[in-house]
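Each remark here refers to the structure printed beneath this line.
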Amino acid sequence: MAKGKKRNSPDLKSEKDYAKYFETIYQPPSLRDARRRGKEEVKIHYKYEIPDDVKNIGVGLKFYIRTYGCQMNEHDTEVMAGILTDLGYEPTVEEKDADVILLNTCAIRENAENKVFGEIGHLKALKREKPELILGVCGCMSQQESVVNRILQKHPQVDLIFGTHNIHRLPILLREAYYSKEMVVEVLSKEGDIIENLPRVRKGKISGWVNIMYGCDKFCTYCIVPYTRGKERSRMPKDIIEEVRQLAREGYQEVTLLGQNVNAYGKDFDFEYGLGHLMDEIRKIDIPRIRFTTSHPRDFDDHLIEVLAKGGNLVEHIHLPVQHGNSEILKLMGRVYTRDEYLELVRKIKAAIPNVVLTTDIIVGFPNETEEQFEDTLSLYREVGYDSAYTFIYSPREGTPAAKMKDDVPMAVKKERLQRLNALVNEIALDKNKRYENEVVEVLVQGESKKNSDVLTGYTRGNKVVHFHGPESLIGTLVDVRIKKAKTWTLDGELEEMLEVKSS
Ligand code: 5AD
Ligand code: SF4
């Protein structure tokens, strides 16, 4: 465990003192060390207890958590909200009314980090007005040496920094932040055990997230996640199944199983059990829709495809990040599959699940990407015929192997490639959506449309957004909608018939 404090600390006079001090609180992301990750057993703790002296620490106080990044982070926020609620805090939607503000950060690209630093800057004024405010920074950015360093040196308004492996220690860290005049830093460079039974305040009552594993051992050369989230650790099947059953009992209509690389689920067990086995058990639970994210093509095995083909509550949407369409670049990215192997996997999936909706993630402008290599991405995109994609310009991440690669592609070229890719993504998305015109789709109604409160909004099994007119009472139910007009990102329809009304 690494732990430390600094703010105007009298014993840190020189750069050398500071460097020494930093070593005691933090170990930087290191590819060598990370790859040497121990195979030592991950302990599972089923008992979560709040120490007596912090039990009511938040009574009469309010908290606000701002979340950046992926669904894993969104779900971590639900856990932190659960812990804070247990401590007596109440949520607020106004930052200015909060007594504790946590920024749950994302490190995936530079612009994600810039947003957080902008927000930390803004909060300086609030902290000045309200010195008793506790301002905490957590999540993936906190796992990086350079970030902790920058906050320690330039942002003394921050009271608390903690990482992704010690969320369960929030009660103790808060107590320290209250009693200490110095910045409290606790970042565990080594991933911790699995803590079951942490409290959660879920964001909604319709769709819920369930973690099935933590961490990632894939080490794609551009990606910071294996460093910020640690090694792969799978939750026990029985704990996952119980959590899904509990959500079903509470009336949830949809569950998304979460992991950075869900296809590696179970690889750390000493018994034969993978994502296919887990899905095969979960599909028997009485809940209308089960999803999972995110997949790595490498470990997407035939057994999983066979199970997904059984359909039922296993929806026919697979997010299958390809990242690039050229085998040489895929090799440099450390993706361990070629273009042809990926296309073969897609063929197998389409053969088994003919109405499958495929979506993907793509990076353009990887170091030294040539025009021809980029065009391979365009041709692969067309060949697969994805329904949609998240597209990104490569962003070098300190500590990753790709960040050390020389790069001769000018930013203007990368931007232009992104635009060309996005034009193709839009063209195919509209084309795919057009096929739904005059068809009836099953929609899980999530709420009123943000733009127009007369309109309801929901998702199809394939994760497409549908807008239609209907009474508020349909929120949280599954309904049949006939699609009248397809747009690039949404489908407009008319209510056909109610399939199932939530009993509560
Ligand atoms: N630069 C740009 N995009 C990245 N992603 C991950 N790391 C980087 C990076 N360094 C993208 C990948 C991943 C998605 C979550 O973010 O496409 O699948
Ligand atoms: Fe961002 Fe990755 Fe961390 Fe999610 S796991 S918050 S995408 S860095």
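Counting starts at 1 for both ligands and their atoms, following the listed order.
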*Can you list, by chain and residue number, every protein residue with a non-hydrogen atom closer than 4.0 Å to ligand 1?*
Ile108, Arg109, Tyr222, Gln323, Asp361, Ile363, Phe392, Ile393, Tyr394, Ser395, Arg397
*Side-chain ion pair, Glu242 and Arg235, N-O less than 4.0 Å*: no
*Around atom CZ of Arg298, are there more than 12 heavy atoms of other residues, nucleotides or ligands at under 6.0 Å?*
no
*Distance from Leu160 atom CG to Leu170 atom CG, nearest 0.5 Å?*
7.0 Å
*Ignoring water, what protein N, O or S atoms are under 2.8 Å from atom 4 (Fe) of ligand 2?*
Cys70 SG
*Could you check Glu78 against Lys203 for salt bridge (charged side-chain N to carboxylate O under 4.0 Å, His left out), going step by step and ending with a plain yes or no?*
CA-CA 7 Å; Glu78 294 184 337; Lys203 215 166 142 190; over 6 Å; no
_More than 12 heavy atoms from other groups under 6.0 Å of OH on Tyr390_ = no
*Between Asn263 and His296, what is the shortest heavy-atom contact and its length?*
OD1-N, 2.9 Å
*Just wondering, more than 12 heavy atoms not from Lys350 lying within 6.0 Å of its NZ?*
yes
_Sub-6.0 Å ring centroid separation between His165 and Tyr214_ = no
*Among Arg335, Gln373, Glu369, which residue meets the side-chain hydrogen bond (donor to acceptor under 3.5 Å, both in side chains) test with His324?*
Glu369
